[in-house]
Number of protein chains: 2
Amino acid sequence: MIDFVRILIEHNIAPSIQRIKILEYLSKYKTHPTADMIYRELVKQIPTLSKTTVYNTLKTFTEKGLLTALAIFDNEIRYDFNTDQHIHFKCSKCGLVFDLDGSHDTFNEDFIEGHKITEYHINLKGICKNCLKKESK
Amino acid sequence: MIDFVRILIEHNIAPSIQRIKILEYLSKYKTHPTADMIYRELVKQIPTLSKTTVYNTLKTFTEKGLLTALAIFDNEIRYDFNTDQHIHFKCSKCGLVFDLDGSHDTFNEDFIEGHKITEYHINLKGICKNCLKKESK
DNA sequence: TCCATATTTGTAATCATTACAAGAATGAAA
DNA sequence: TTTCATTCTTGTAATGATTACAAATATGGA
């Protein structure tokens, strides 16, 4: 049982039911959800939940380093609970985002060509295993 | 002098003034512009230009493989005239997108973990050379 | 020239996100 | 415990990018 309250406090975020539930959702379902996906799920548990709260919370979490905002494709922001560096793959058929293994030491540099690097993302696009299987039938 | 008409025809796209100008703009100013940036520039030359035309054209170009749509950050789509593989770096201060050298052979595979890969993007974020210089003053 | 087709245009709709202000909850001080 | 300031949450309205759609225009071939 993960202590979400503790995690919030350690990141200087005051715990609230909304924040705890959003954090719980993100750590449980690593589907790189959008704000809207999170809202649609959690409003079932918290009927008074506002979409603005979801957006505010995700912004706060990201600022405090609890989440990373991914800009993958298709003009939508998805959120990832911070863990190890990994690669994201989005299927252009079903829209699911997969994590792929693989470190990318190549870009483990603080400065490249004089620019200071704070984040690096590797995003692949293609057709996922499952959709390929369906196609071949 | 690049023959834009020829490029369009080779990609099965019927040439029109709008399409030629948009292609010319993209090949000339490699600033990874958004649709809106392209519109604001070209409407000076083609006063009747519609923003919808810009969107339609960019979509057509992308479908025909003439452009790549980049999903970098901040929920905006930017377009890149297809050239060699390169890395994109976006400055979080000034918002400019820079191309960085560097090939990434690691991901030159057609399949990874069973998924078919069609595109791969490496996006870095940070503070650019110029903004660093301004800060230190 | 005429016609079918493709392209462009402008407006309205959509979707994600943000701004804002009011209401509710919280926690510390008296 | 009450009070008060502060922080969170909520709902509505605004914004900004993009898309849908239908009418107007341009194009190339018969």
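- Remark: side-chain polar atoms of B:Arg19 are not paired, donor with acceptor, to backbone N or O of B:Thr57 under 3.5 angstrom.
- When the nearest nucleotides of DNA chain D are assigned to A:Pro15 and B:Ala35 by heavy-atom distance, the more 5′-ward of the two goes with A:Pro15.
- If you check residues 40-57 of chain B against DNA chain C, the residues with a heavy atom closer than 4.0 Å are B:Thr48, B:Leu49, B:Ser50, B:Thr52, B:Thr53, B:Asn56, listed by number.
- Regarding B:Lys59, its NZ atom lies at a distance of 16 Å from the C1' atom of C:dT8, rounded to whole Å.
- Residue B:Ile38 contributes atom CD1, which lies 14 Å from atom C1' of D:dT18 at whole-angstrom precision.
- Ring geometry for B:His88 versus B:His32: interplanar angle over 60°, hence perpendicular rather than tilted (30 to 60°).
- As rounded to whole Å, 14 Å separates atom C1' of C:dA6 from atom CG of B:Asn12.
- Nearest nucleotide to the side chain of A:Ser16, out of D:dC8, C:dT7, C:dT17: D:dC8.
- Tested against A:Pro15, the residues A:Val5, A:Ile7, A:Leu23 include a single side chain to side chain contact (heavy atoms under 4.5 Å, CB included) partner, A:Val5.
- The nearest whole Å value for the distance from the CD atom in A:Glu63 to the C1' atom in C:dT18 is 13 Å.
- Among A:Leu8, A:Thr68, A:Asn56, the one residue that satisfies the side chain to side chain contact (heavy atoms under 4.5 Å, CB included) test with A:Phe61 is A:Leu8.
- Environment of CD1 in B:Ile20: crowded, with over 12 heavy atoms of neighbouring residues, nucleotides or ligands closer than 6.0 Å.
- Look at CD1 on B:Ile13: it is 10 Å from P on C:dT7, rounded to the nearest Å.
- In this structure, B:Phe61 atom CZ and C:dT7 atom P are separated by 11 Å, rounded to whole Å.
- Annotation: salt bridge (Lys or Arg N to Asp or Glu O under 4.0 Å) contacts of B:Lys129 (sequence neighbours excluded): none.
- Sorted by first and then second residue, the salt bridge (charged side-chain N to carboxylate O under 4.0 Å, His left out) pairs involving residues 46-65 of chain B (not counting sequence neighbours) are B:Asp36-B:Lys51.
- Remark: C1' of C:dT9 and CD1 of B:Ile22 are 13 Å apart, rounded to the nearest angstrom.
- As rounded to whole Å, 15 Å separates atom P of C:dA25 from atom CZ of A:Arg19.
- The side chain of B:Gln18 places an N or O atom within less than 4.0 Å of a non-bridging phosphate oxygen (OP1 or OP2) of C:dT9.
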